[in-house]
Amino acid sequence: MKRMMRVGLLIGVVFVLALMAACNGGGSAASEGKKDDKKIVIGFSQIGAESGWRTAETKSIKEMGKNDPEIELKFSDAQQKQSNQIKAIRSFIAQKVDVIALAPVVETGWEKVLREAKRAKIPVVLLDRRIKVDDDSLYTTFIGSDFIEEGKNAAKYLANLIGPDKKVNIVELQGTVGASAMIERQKGFAEQLKKYPGYKIKKSETADFTRSKGKEVMEAFLKADGKNIDAVFAHNDDMAMGAIQAIEEYGLKSGKDIKIVSVDGIKDAFQAIKDGKSNITVECNPLLGPQLAQVAKELRDGKKVDKWIKSKEDVYEGQKAIDALPDRKY
Ligand code: AHR
């Protein structure tokens, strides 16, 4: 009887010890394992592929999704349509992603779908372009540039190049109508121009941020009044590249007869400056993948993030552009 009691006691002790070991070791391993395995799922709605800048942004985000072991990326290309972006956001909500990243094609019309994301408790990170909403809590943060400053810099550097007291007829190639990049660059440029009374914007039309439309619109400007155009302000480098082609085909020397200033800082713009066909490019950083990953991790860890994570940028012209060309990343 005594022996049976001792054996019973021993089995009990072994059982309790085994249970404790399972709870301690097994339990933490399981939860740690779970934490390690659980990737942060980011659903990214991209605008499309209208420019070299946009392609560089897509590449940066996709590389982040591929190389960062903590991130899983779901990518959706909206082909320039807001309705496609709204569909993509709804699909991300249905898939219960952890973060929605949105590069909004236009500024307005986002309230309804972003309220749905808010109700689902999914943070929305705006990438590169802003939105206009009456309730700022509909997005968590904006990662991107100061477009107004870019427009101001374009005017400032142009005036420095030609001379602030000169009479200068400018034509403007606008980006996509309703996009914050278009609205704010236009605003900043016009604001800065007030300092140079001889500088006038003679014509301003959209060319949708594309090279082909940049060429088309510039051809029309040249046809209408080619002899009286002194400078082009293009809201992005791709449109400027199209304009350069139109100017050369028209028989004028781009960069000399007609000065060129544009925004983005893609390699082609640096090459055009080197070739003497363009004059100034105002940098706008598309390599936002690493910042998006960092924000997603901070949100996972319950940290507070700034409402605007501002890109650091520069302006390039002349020798500075030529020297920087070999190391350009996009
Ligand atoms: O939103 C950024 C702008 O969009 C870039 O300047 C332009 O090239 C792109 O298409």
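We number each residue from 1, following the sequence as shown. Order of appearance sets the numbers: ligands from 1, and atoms from 1 within every ligand. Please read all numbers here as calculations on a predicted model, not as lab measurements. Note that these values count all heavy atoms, side chains included, but never hydrogens, waters or copies made by symmetry.
Ligand-side atoms of ligand 1 in range of N236: 6 (O), 7 (C), 8 (O), range being under 4.0 angstrom from any heavy atom. Set against the non-hydrogen atoms of S51, the atoms of ligand 1 under 4.0 Å away are 7 (C), 8 (O), 9 (C), 10 (O). If you number the atoms of ligand 1 from 1 as listed, the ones under 4.0 Å from a heavy atom of A181 come out as 1 (O). Proximity to R54 (heavy-atom distance under 4.0 Å) selects the following atoms of ligand 1: 1 (O), 2 (C), 3 (C), 4 (O), 9 (C), 10 (O).
Exactly one residue among R328, K320, K312 makes a salt bridge (charged side-chain N to carboxylate O under 4.0 Å, His left out) with E283. That residue is R328.
With sequence neighbours excluded, no residue forms a salt bridge (charged side-chain N to carboxylate O under 4.0 Å, His left out) with E313.
For R54 and Q46, the side-chain atoms include at least one donor-acceptor pair closer than 3.5 Å. Side-chain contact annotation: T210 with D208, donor-acceptor N/O pair under 3.5 Å absent.
Residue contact check for ligand 1: D238 places no non-hydrogen atom closer than 4.0 Å to it. Using a non-hydrogen distance threshold of 4.0 Å, V263 does not register as a contact of ligand 1. R185 counts as a contact of ligand 1, since one of its heavy atoms falls under 4.0 Å from the ligand.
Protein heavy atom closest to atom 1 (O) of ligand 1, with residue, atom name and distance, is D128 OD1, 2.6 Å. Nearest protein heavy-atom contact of atom 10 (O) of ligand 1 is E50 OE2, 2.4 Å.
A cation-pi arrangement is not found for K310 relative to F142, the charged atom failing to lie both closer than 6.0 Å to the ring centre and inside a 45° cone about the ring normal. For K267 and F270, the positive end is not near the middle of the six-membered ring at less than 6.0 Å and at most 45° from its axis.
Residue-to-ligand polar distances place R129 within reach of ligand 1: an N/O pair is separated by less than 3.5 Å.
Nearest-residue assignment for atom 5 (C) of ligand 1 (options T210, D237, T55, D264; heavy-atom criterion): D264.
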Step by step, work out the side chain to side chain donor-acceptor pair (under 3.5 Å) result for S212 and E216. CA-CA 6 Å; S212 57; E216 209 178 290; 5.7 Å; no
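Taking the six-membered ring where the residue is Trp, H235 and F209 present tilted rings, their angle falling between 30° and 60°.
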